[in-house]
Number of protein chains: 2
Amino acid sequence: MIEQYIRDVHDFPKDGIVFKDITPLLQDPEGLNRSILGLAEAVDPDSYDVVCGIESRGFIFGTALAHHLGKGFIPIRKPGKLPWKTASETYELEYGTDTIEIHVDAVESGGRVLMVDDLLATGGTMEAGLKLVRRIGAVPVACCFVIELSFLNGRKLLGDVPAHSLMTV
Amino acid sequence: MIEQYIRDVHDFPKDGIVFKDITPLLQDPEGLNRSILGLAEAVDPDSYDVVCGIESRGFIFGTALAHHLGKGFIPIRKPGKLPWKTASETYELEYGTDTIEIHVDAVESGGRVLMVDDLLATGGTMEAGLKLVRRIGAVPVACCFVIELSFLNGRKLLGDVPAHSLMTV
């Protein structure tokens, strides 16, 4: 149970939105520990080889999980941040578009990947992340989130990749 | 020794720069493990209460270190990303300025903080980070970096806060 560590911030980033603030979870050793153990238990660690996190809050949970399990970590980043050869994917936002990138040599062909992000909202970012991982020849086996906003139906964009959340709103 | 996991990428982000790519380090379980253990050994964990990392590559090493040691993690973020009340600090770049923020309730008064980032270059970002931590009443006890570009003399901006690097170029 991590609910007690999440702070509701009203009208952020704009009026009418209740933002789920994860910083109280991170700054509490017990909260951080529960979230990493929760992610480790959500999907059998033997079913994947590496952990992939999406910039930048996916880095927070993804790297700690990877280190906890003795696995490697793959960052998916915003455009222009990764220095080597990349694959990129553009996806739609409420207004406009966004793009994320992955190094083409980030995972060996056929490598099994656990996808991690802090929040499942509309699912657009993770859908693009799944496309990127497949584009470089790897296999996304599951998606893990700390918080899921179920009223936004983000799961429907993830296809047949199972999704797990530590907390559902 | 982590040097073997760092990839030199020439002319990134612009001509003449040799960029130190940490992604091979992250994606190798042994490389990631060595870097976290190295950071844990660089500064006595009994000398600090929490780990603070600067967005976004400081999140990668900082959170894994915090979880490894059973401590909490404090994110310093780019402007407009933290939803609660913040303190902010603007610092100079080669061209223009940049700003970073911290939640005012991120660390209790007098709390001892280990600062973590992936790279010590000119030191401007970490200098601003030290100011932020002090501004909210906490005490930065040391700075840790994975890579230090010593020819840029970033240490001179860190004042009397000791700096440790896993690899120096």
Side-chain angles (χ1 to χ4, degrees), chain A residues 5 7-13 17-33 35-37 49-53 55-75 77-78 80-86 102-103 105-108 111, chain B residues 5 7-13 17-33 35-37 49-53 55-75 77-78 80-86 102-103 105-108 111:
Chain A
Y5 300 102
R7 173 165 55 189
D8 281 355
V9 180
H10 290 262
D11 299 320
F12 183 90
I17 304 286
V18 179
F19 188 87
K20 297 292 177 184
D21 179 13
I22 59 167
T23 62
L25 173 79
L26 299 175
Q27 73 192 56
D28 188 298
E30 177 64 19
L32 179 59
N33 191 50
S35 64
I36 302 304
L37 295 184
D49 305 306
V50 295
V51 177
C52 177
E55 187 166 10
S56 64
R57 283 175 295 184
F59 290 2
I60 288 178
F61 297 101
T63 319
L65 176 63
H67 177 64
H68 180 78
L69 296 172
K71 298 183 188 287
F73 176 74
I74 311 298
R77 300 206 65 180
K78 288 164 182 162
K81 298 285 189 180
L82 288 170
W84 192 244
K85 295 166 193 160
T86 60
I102 195 169
H103 271 156
D105 63 353
V107 188
E108 61 186 18
Chain B
Y5 300 102
R7 173 165 55 189
D8 282 354
V9 180
H10 290 262
D11 300 319
F12 183 90
I17 305 286
V18 180
F19 188 87
K20 297 292 175 183
D21 179 13
I22 59 168
T23 62
L25 173 79
L26 299 175
Q27 73 192 57
D28 188 298
E30 177 64 19
L32 178 59
N33 191 50
S35 63
I36 302 305
L37 296 184
D49 305 306
V50 295
V51 177
C52 177
E55 188 166 11
S56 65
R57 282 175 295 183
F59 290 3
I60 288 178
F61 297 101
T63 320
L65 177 63
H67 177 64
H68 180 77
L69 297 171
K71 298 182 188 286
F73 176 74
I74 311 299
R77 299 206 65 182
K78 289 165 183 161
K81 297 285 188 180
L82 288 169
W84 191 245
K85 295 165 193 158
T86 59
I102 194 170
H103 271 156
D105 64 352
V107 188
E108 61 186 17

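Values in this document were obtained by computation on a predicted structure and should not be read as measured data. Note on naming: letters A, B, ... go to the chains in the order of the sequence lines (proteins, then strands), and numbering restarts at 1 for each one.
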Greater than 12 external heavy atoms within 6.0 Å of Glu108(B)'s CD: no
Ring pair (Phe, Tyr, Trp, His ring centres under 6.0 Å) between His67(B) and His67(A), intermediate numbers included: CA-CA 9 Å; His67(B) 177 64; His67(A) 177 64; 8.0 Å; no
Contact leader toward chain A among Leu65(B), Val50(B), Ile36(B), Ile74(B), where contacts are heavy-atom pairs under 4.5 Å: Ile36(B)
Residue part contacting chain A, namely of Pro83(B), when any heavy atom lies under 4.5 Å: both
Smallest separation among heavy atoms of Gly72(A) and Pro29(B), with atom names: N-CG, 3.6 Å
Worked verdict on Thr63(A) versus Ile60(B) for side chain to side chain contact (heavy atoms under 4.5 Å, CB included): CA-CA 6 Å; Thr63(A) 319; Ile60(B) 288 178; 3.6 Å; yes
Which atoms of Asp11(B) approach chain A - backbone, side chain, both or neither, heavy atom under 4.5 Å: neither
Portion of Leu82(A) that has a non-hydrogen atom of chain B nearer than 4.5 angstrom: both
Shortest non-hydrogen separation from Leu32(B) to Lys71(A) and the atoms involved: CD2-O, 3.6 Å
Backbone N/O of Asp105(A) and side chain of Gln27(B): donor-acceptor pair under 3.5 Å: yes
Partner chain B: residue of Lys81(A), His68(A), Arg7(A), Arg57(A) with the largest heavy-atom pair count (under 4.5 Å): Arg7(A)
Toward chain A, the part of Phe19(B) with a non-hydrogen atom under 4.5 Å: side chain
Which atoms of Leu69(B) approach chain A - backbone, side chain, both or neither, heavy atom under 4.5 Å: neither
Thr23(B) versus His103(A), closest heavy-atom pair with distance: OG1-ND1, 3.1 Å
Contact class of Lys78(B) relative to chain A, heavy atoms under 4.5 angstrom: side chain
Heavy-atom side-chain proximity of Ser56(A) to Arg77(B) below 4.5 angstrom: yes
Part of Glu55(B) lying under 4.5 Å from any heavy atom of chain A: side chain
Top contributor to chain B interface from Val107(A), Val51(A), Leu25(A), Val9(A) [non-hydrogen pairs under 4.5 Å]: Val9(A)
